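Here the structure comes first, spelled out in structure tokens, and everything after it is commentary.
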Amino acid sequence: MPVSLLWAVDVYGRVYSLSTRGQQWEQCRDAVLEFKRVTAVQQCCWGIACDHHIYLNVHSSDVPIRYQEETFENQRWNPLDNFSDRLLPSDRWQWSNITGLEHQPLDSFFLPSSNWEWEGDWYIDENFGGEPTEKEGWTYAIDFPATYTKDKKWNSCVRRRRWIRYRRYKATDTWAKIPSEGHSGPLPDPFNDISCGGWEISEEPRGRLSLWAVSLQGKVWFREGIHHHSPEGDGWEEVSLPGEVVQISCGPGDLVWAVLWEGQLIVREGITRDCPRGSSWVVVDSPNPEAGAIHVAVGDNVVWAVTKDNKVWYRRGINSYNPRGSGWIGMIGEMVMINVGLNDQVWGISCEDRAVYFRQGVTSSELSGKAWKAVNVPRDGDIRSHSSASSSSLHSAGCFFSGEVRAQSVMSEDSDTKNGPQRAVLEVGACPSSPPPDPPPVDVPKPRIPKVTSDSFISEMLSDRKVKQEGATTAVTAGPSIPEEEASLREADAKSPPLALVLSPSLSGGPGDPQWSNVDLEETQTHLAVGPAGVRGDAADTCSLSSVATYTLCQEEPYGADEHPLWAWVSGGGCGVDCHSQLNWFNSATALSSSVQSMSLSISPAQTAAWRKQIFEQLSERSKREMDNFKHYEQAIEQSQSVWVKKGTMQWWRDWKPHKWVDVRFALEQFSGPEGNQDGILFLYYNFNEEKKYLHAFINEVTILVPVLNDSKHTFAIYTAERTKQRWPIRLAAATELEMHDWLALLSVSCCDSRGIQGPPSKQALWSVTCKGDVFVCEPSPSLETCPYPTPCDQMFWHQVGGHLRLVESNSLGVVWGVGYDHTVWVYTGGYGGGFLQGLARSTDNIYTQTDVKCVYIYENQRWNPVTGYTNRGLPTDRYMWSDATGLQECTKANTKPPSPHWTWVADWAIDYGISGGTDREGWQYAADFPTSYHGHKTLKDFVRRRRWARKCKLTTTGPWQEVPPIPLSDVTIIPCGAQSIVEPIPLWAISNKGDVLCRLGVTLLTPAGTSWLHVGTDQPFKSISIGGASQVWAIARDGSAFYRGSVTAQSPSGDCWYHIPSPVRQKLQQVSVGRTSVYTVDQHGNLWFRQGLTPSCPQGSSWEHISNNVRKVSVGPLDQVWIIADKVQGSHSLSCGTVCHRLGVQPMEPKGQSWDYGIGGGWDHITVRGNSFEAPRVRMPSLTPSLTASLTDPLRTHPPRRPLSFRNIEENGNAVRC
Amino acid sequence: MADDKDVLRDVWFGRIPTCFTLYQDEITEREAEPFYLLLPRMSYLTLVTDKVKKHFLKVMKAEDIEEMWFDFEGTSLKWHYPIGLLFDLHASNTALPWSITVHFKNFPERDLLHCPSNSVIEAHFMSSIKEADALKHKSQVINDMQKKDHKQLWMGLQNDKFDQFWAMNRKLMEYPTEEGGFRYIPFRIYLTMSDRPFIQKLFRPISPDGHTHTLGDLLKEVYPVAIPNDDESKRYQVVIHGIEPLLETPLQWLSEHLSHPDNFLHISVIPVPSD
């Protein structure tokens, strides 16, 4: 779980944030102003300050917000000046945009606001569609609107070049003021409420947000143009309304609700990708006809509301087709406000004690949750707060909280007794059901819970609204109430001369402006709550009176006399928690003070706890005491006997045709081998022609167990070397998933035991990932890279490690990083097991929850006919109207299931506009007929169209992986060898999922996750990167060109500049891998290329040499060994795609190798051999005398060696020495 | 030791060196040599003493033999308590090997249960497991198991097969993550000086306000005497498997790692030796 923040504002207007990893509210020190409200999303937080301006706080990120400005310089040739800026009158401007339609000289570019800065000066782009241009960057054409080439030809009459300059958003982690101007000048009145959301509506442009705001006069405004490259947005647009709005809430998707002054709610309809503002409002009645709604909060699929009587309501039946829902359900608890955060989690502020509450147990199946739980953590200022907070509260209250301070501290019982009954009248008027307040106890000092923030909604709701509403119904009660209150306050004020001076400014503002008066009329309720909160509040009061004395006391006992924080507003829109999150927010008071042990259980790594150490020590002491001297005693239970057999029934995918599932009996016989090692045999008993037969496999010959889960069968595949050659594993299906996992766990323990593999993978391990996201490791033997007779690929034993990844990268020091399908980054923790490997086959530490999200796609196909246009009635020969990508399989929205039972849907079907080829506004792609290429606009020749629907599904599993937040990646690479000491930094580079190149700082053996990213500027997005020996960094850009990074050293870990390397002719490169010296790339057509001519003086090499085709991915290791994932590998039984292959014959002088050796597959997606630095011994021992080596025999050699005899034998000898 | 899993192994492979001597009044044909054996702490006396019986039968007449039973310094040893518990409770501060006297006559009917065959032990063992699972999971896990799974647990214990036993037992140790532990912790607290055989109450691993309960919390609730006050010296040892875990050890962890095969956490509270 990445760290994210819960934001809140206390009644004094101070902004706090609470980190999901943290245990205290951190005050936002930067907020010099008091804030009324905040609304947070993951990347930023918006707020309304007391000056009624809107402020934006963009969280800083290792990847800066940069925007590329570009302009084109145009020139025409004439015989006099050659190429010059003298253009024809009909030509475009000398400086223009790419189309030539807009005049864009360099000095016409300005920073959008003072929150931006230029990164550097203008410079010329010398990359033209992946090809490097000449030095000046010119591209040539015959005439202006034409095709440009990078070469000057005889008929090149015009030329142009591209200038680029970056600007960077600099106002991160600080509150930047947003000018409150609409498209037609300043807005008429200040803002009162704000809500941010809508990021799920569209991913175009990236980071798009909807920001809704309500002005004091009840108008609603929508902020245009907020997205990643424009965090501030463009301007405000007014949204017409059926009434006056007091509060608005916007969910992550298309849900927007608002509350009207009259207490009804309105729902925005027609919010779509093309129209994020929506089109119309629909009115929904308040849950309680007698008490109108005062507050609403919406999420993805939920709506919560609070009515005037502080009751909480949940709206039933909300979904994307029905944003209005169907009915209200009353919930337990009384809240003053509610906020719905990420994952539809609910936050509230209780009206009783003003604490922030979290709704427990909110899951996608039970969106209403189970119970409220108070967030109980101290604030960072609490230690000082008794002195400073009270003084500051006086101060700030002086500015904002007129009613409060007067009632506070010195003030007499007068005001209370006066205010008491009068408030009671109001209460009764407002909500007849509520009981009359108790008379204020005289002896107990009153809890002074300041119920007022500047313009807090309570004052609006309870003072103003009452005026309004009651003015409409019973003008008599409401009429006098306000003047009376004002009078009493003024009176009270008069009675407290010492404070009068401080208070006067706001007081003068107060009565003059009753519309947003600061008076809290609701204080009655606090009289009822003379609970612990009251006592504490009182303690705070006394503190404020005698601050010096209590200051020292508080220092000594920081948590003893806690001033109860009083919250006014909370926003969970950026807080990524769900009901499974482990939060340390709910019992901190005791946790911090007394139970240190239980804390260490939940926060620090559990194994460091003292109690655990004690148990470990005592157990080993006990063994020593009770057993060491008595080893000669006889054992009570003899161990020698017993073969342990486990039997079961399964289905087997028959080896012969017709292939089908047949019932078989399955047994695993385990026994102890002669040296005590476990061994076993698998038996599979089947009937063939009424005859009983069986198939068997020795456990120590099994090379891999692969779970193959799909929605109909729980199957797994067992490979041996022979079966790998055949490309035909033993496929078995268990009756239930549980049974399958039991068998898999047992078999994998058994296989690992028989091969003596225990515990976590070694640093040298090879890692691979299947197309299902399963992660496998292989322990390389020292002979894996020997030459010419390495361990055959198909004999390598792979075993599974828990977790779900799309790619994994390692190095020989044991640093392993992985990237999930949702681009989340994971670092290997050193544990093993997880996933199905329960209990004994896993380590208990270092296993964490891991989630992954991917999309399932289906296609909606339509055919055009002259009468009705496009319809879902195809020709009889057509594909299914709802199908998979190939059209061969019918896939409807209803019958399409998640990829396996481990995946659950997390969203509904949505049109995917991001498909290659482009789409029209409704997501359609057009083509002449079905199996052809599609384009995004309709032409006359197009008779069919299709669109892609995507649905997100999520997997939750466990594995030895910990998340490295917050930047999602698409590729990562670690230097394959290098640092020897544990503190030496290990170079690690990555590509973010947006194509930014990043260099990780602080990666060492002790801190494999590193500390932060360093952004490395590029002129275009990148897609693949690799760092090899001597810190050579190679990368592939999105346009398919290769780049070499110059001058990367330990001192300058990010290097200095990019050198553009031309790609192989007419090929767009896809992936790169750099070993010790070798550089290999794969292009988009599956060709593998080797970079020729690399020397220390010319690290960029000279040309590409073609090595092989049908290659999907390449991994070059620290020994320059080359491994690939290959497609179309022919086995004796079947063909496989996604096969692990090893390049044979790679030697220092022959880095290209000779041929491929085929290993495990198909279905493999990724391999990394960058951990395997088991050097082939030949390199190390050239000095052995031939006489010695010649005397050694080589049992493996069956044919004459192609290399000198001595070499081969040295290897053998070397291995022997090594073992 | 880096991993909690190793605790399970250490606990499972705990052995007590024992010296069995024949009771002096038993009639023998020739002098009976003492018999030395490593007893598994997790097992039951009558389950692992076939060799002892065979050894002494060699020197005795068949007609002098009734049901075998054991005592330690005059205390009859209950076979239905795990061996480790018997040792911790009665002999933890005595010299090793543990000296047990073997009887073939005068079965103490008042103190001991008869144990005519291993099936009685099995029945006792399975009923303990079932009781424990009733506390932990409302019996859901044990009831979901098949007969052969039950058998696997028993055979694992009987044949001292750690993997066989734990392959099944791990299911009994699982719990929903969101609940943070079992429903109740199956435990029994044994006191040497009490008439009650043991104390057993309902006790949850997590307090209502979400705190992790510790061994200390349990004792405070169930047997506060065992916890030393601040000012006085320690009067009692709280022993599980021959070790004294710290009082702040989380109870859930103890239950998962230091329970006996019968899934109960057997805790001995014994007076601190006076010397």
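Protein chains get the first letters and strands the later ones, always in sequence-line order, with residue 1 at the start of each. Keep in mind that this is a model prediction, so the values were computed, not measured.
For the pair I615(A) and T249(B), the minimum side-chain heavy-atom distance is below 4.5 Å. Two residues are said to be in side-chain contact when any heavy atoms from C-beta on lie closer than 4.5 Å; R15(B) and F630(A) fail this criterion. Between E634(A) and F35(B), some side-chain heavy-atom pair lies under the 4.5 Å cut-off.
The distance from atom CZ of F87(B) to atom CD of E626(A), rounded to the nearest 0.5 Å, is 5.0 Å. Here CG of N629(A) is found 9.0 Å from CG of L96(B). Values are rounded to the nearest 0.5 Å. Taken to the nearest 0.5 Å, the OH atom of Y633(A) stands 12.5 Å off from the CD1 atom of I16(B).
Each of L215(B), L254(B), L247(B), L246(B) was compared with W611(A) under the side chain to side chain contact (heavy atoms under 4.5 Å, CB included) criterion, and only L246(B) meets it.
Between chain B and the residues K373(A), K646(A), K631(A), R625(A), the largest count of heavy-atom pairs under 4.5 Å involves R625(A).
Only the side chain of R41(B) comes within contact range of chain A, judged by heavy atoms closer than 4.5 Å. With a 4.5 angstrom heavy-atom cutoff, W253(B) touches chain A only via side-chain atoms. Looking at Q635(A), the atoms closer than 4.5 Å to chain B (heavy atoms on both sides) sit in the backbone and in the side chain alike. Residue contact with chain A, scored on non-hydrogen atoms closer than 4.5 Å, involves the backbone and the side chain of V11(B) alike. There is no contact between T49(B) and chain A, counting heavy-atom distances below 4.5 Å. Looking at H213(B), neither its backbone nor its side chain comes within 4.5 Å of chain A, counting heavy atoms on both sides.
Between D88(B) and R622(A), none of the side-chain N atoms (NZ, or NE/NH1/NH2) sits under 4.0 Å from a carboxylate O, so this pair counts as no salt bridge.
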*What's the verdict on side-chain contact (heavy atoms from CB on, under 4.5 Å) for I240(B) and Q618(A), showing C-alpha distance, side-chain angles and the deciding distance?*
CA-CA 11 Å; I240(B) 310 171; Q618(A) 288 199 1; over 6 Å; no
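Panel note: side chain Q614(A), backbone E244(B); a donor-acceptor pair is recorded below 3.5 Å.
Residue K53(B) places its NZ atom among 12 or fewer non-hydrogen atoms of other residues, nucleotides or ligands, all under 6.0 Å distant.
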